[in-house]
Engineer: 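I am attaching a structure below and will ask some questions about it afterwards.
These figures come from a predicted structure and were not determined experimentally.
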Amino acid sequence: MISNNKHEVILSPYQVELNAILTVRSSNESFKGNSYTISDKTGKLIRKGSISQGINEFKLCIVGFKTGEYCITIGLDIEKFSVI
C-alpha cells in the first residue's frame with residue numbers, strides 16, 4: 001500500500017488512441033517491479049511483460065485493444081488509462 005498520494009507510475013497520455021503509444025514512466029530512478037500486467041475493467045488479463053532492471057521509462061504500442069478502460073499494474077502500483 002502506498003502511504004502517500006504520490007504516484008509511483010505515471011502514464012502519458014491517460015486517454016490513448018488505438019494503435020498509438022502509451023508511455024509508462026517511474027517517478028523514481030527505476031520501477032519497483034520487474035514486470036507489468038494490463039487488465040480490462042472486468043479484471044481479464046490483456047497483456048503482460050517484463051521490465052528491464054534499472055530503466056525508468058518504457059513505451060507500449062496499444063494494438064489489439066478494444067475501446068474502454070484498463071489498468072496497468074507494476075509491483076503494488078495500479079494506474080488506470082482508457083483506449084479511445
Engineer: With the 4.5 Å side-chain cut-off for hydrophobic clustering, are I10 and F81 part of the same group?
Structural biologist: no
Engineer: A side-chain contact here means heavy atoms from C-beta on lying under 4.5 Å apart; do N19 and I62 qualify?
Structural biologist: no
Engineer: Can you list everything that forms a ring pair (Phe, Tyr, Trp, His ring centres under 6.0 Å) with Y14? Sequence neighbours excluded, please.
Structural biologist: none
Engineer: To which residues is L45 joined in a hydrophobic cluster, defined by side-chain heavy-atom contacts under 4.5 Å among Ile, Leu, Val, Met, Phe, Trp and Tyr, whether direct or through other members?
Structural biologist: none
Engineer: Around atom CD of E69, are there more than 12 heavy atoms from other residues, nucleotides or ligands closer than 6.0 Å?
Structural biologist: no
Engineer: Cluster question for you: counting only ILVMFWY and a side-chain heavy-atom cut-off of under 4.5 Å, with indirect links fine, are V9 and V83 together?
Structural biologist: yes
Engineer: Does the side chain of Q53 pick up a donor-acceptor pair with the side chain of N34 at under 3.5 Å?
Structural biologist: no
Engineer: Is it true that I55 and L60 fall in one hydrophobic cluster, defined by side-chain heavy atoms closer than 4.5 Å?
Structural biologist: yes
Engineer: Once rounded to the nearest 0.5 Å, what's the spacing between atom CD of E8 and atom CG of N28?
Structural biologist: 4.5 Å
Engineer: Would you say T23 and K59 are linked by a side-chain donor-acceptor pair, where the criterion is simply a distance under 3.5 Å?
Structural biologist: yes
Engineer: Take atom CZ of R25 as the centre, draw a 6.0 Å sphere, and report whether it contains more than 12 heavy atoms from other residues, nucleotides or ligands.
Structural biologist: no
Engineer: For the OG1 atom of T67 and the CG atom of L18, what is their distance to the nearest 0.5 Å?
Structural biologist: 7.0 Å
Engineer: What do the steps show when you test V16 against F65 for side chain to side chain contact (heavy atoms under 4.5 Å, CB included), and what is the final call?
Structural biologist: CA-CA 11 Å; V16 62; F65 286 66; over 6 Å; no
Engineer: Quick check for you: to the nearest 0.5 Å, what is the distance between D77 atom CG and S26 atom OG?
Structural biologist: 8.0 Å
Engineer: Quick check for you: to the nearest 0.5 Å, what is the distance between I72 atom CD1 and K80 atom NZ?
Structural biologist: 14.5 Å
Engineer: Supply the atom-to-atom distance I84 CD1 to Q15 CD, rounded to the nearest 0.5 angstrom.
Structural biologist: 5.0 Å
Engineer: Who are the side chain to side chain contact (heavy atoms under 4.5 Å, CB included) partners of D40, not counting sequence neighbours?
Structural biologist: T42, K44, I46, Y70
Engineer: Flag the pair Y36 / F58 as yes when their ring centroid distance falls below 6.0 Å, and as no otherwise.
Structural biologist: yes
Engineer: Just how far is it from atom CZ of R47 to atom OG of S39, taken to the nearest 0.5 Å?
Structural biologist: 13.0 Å
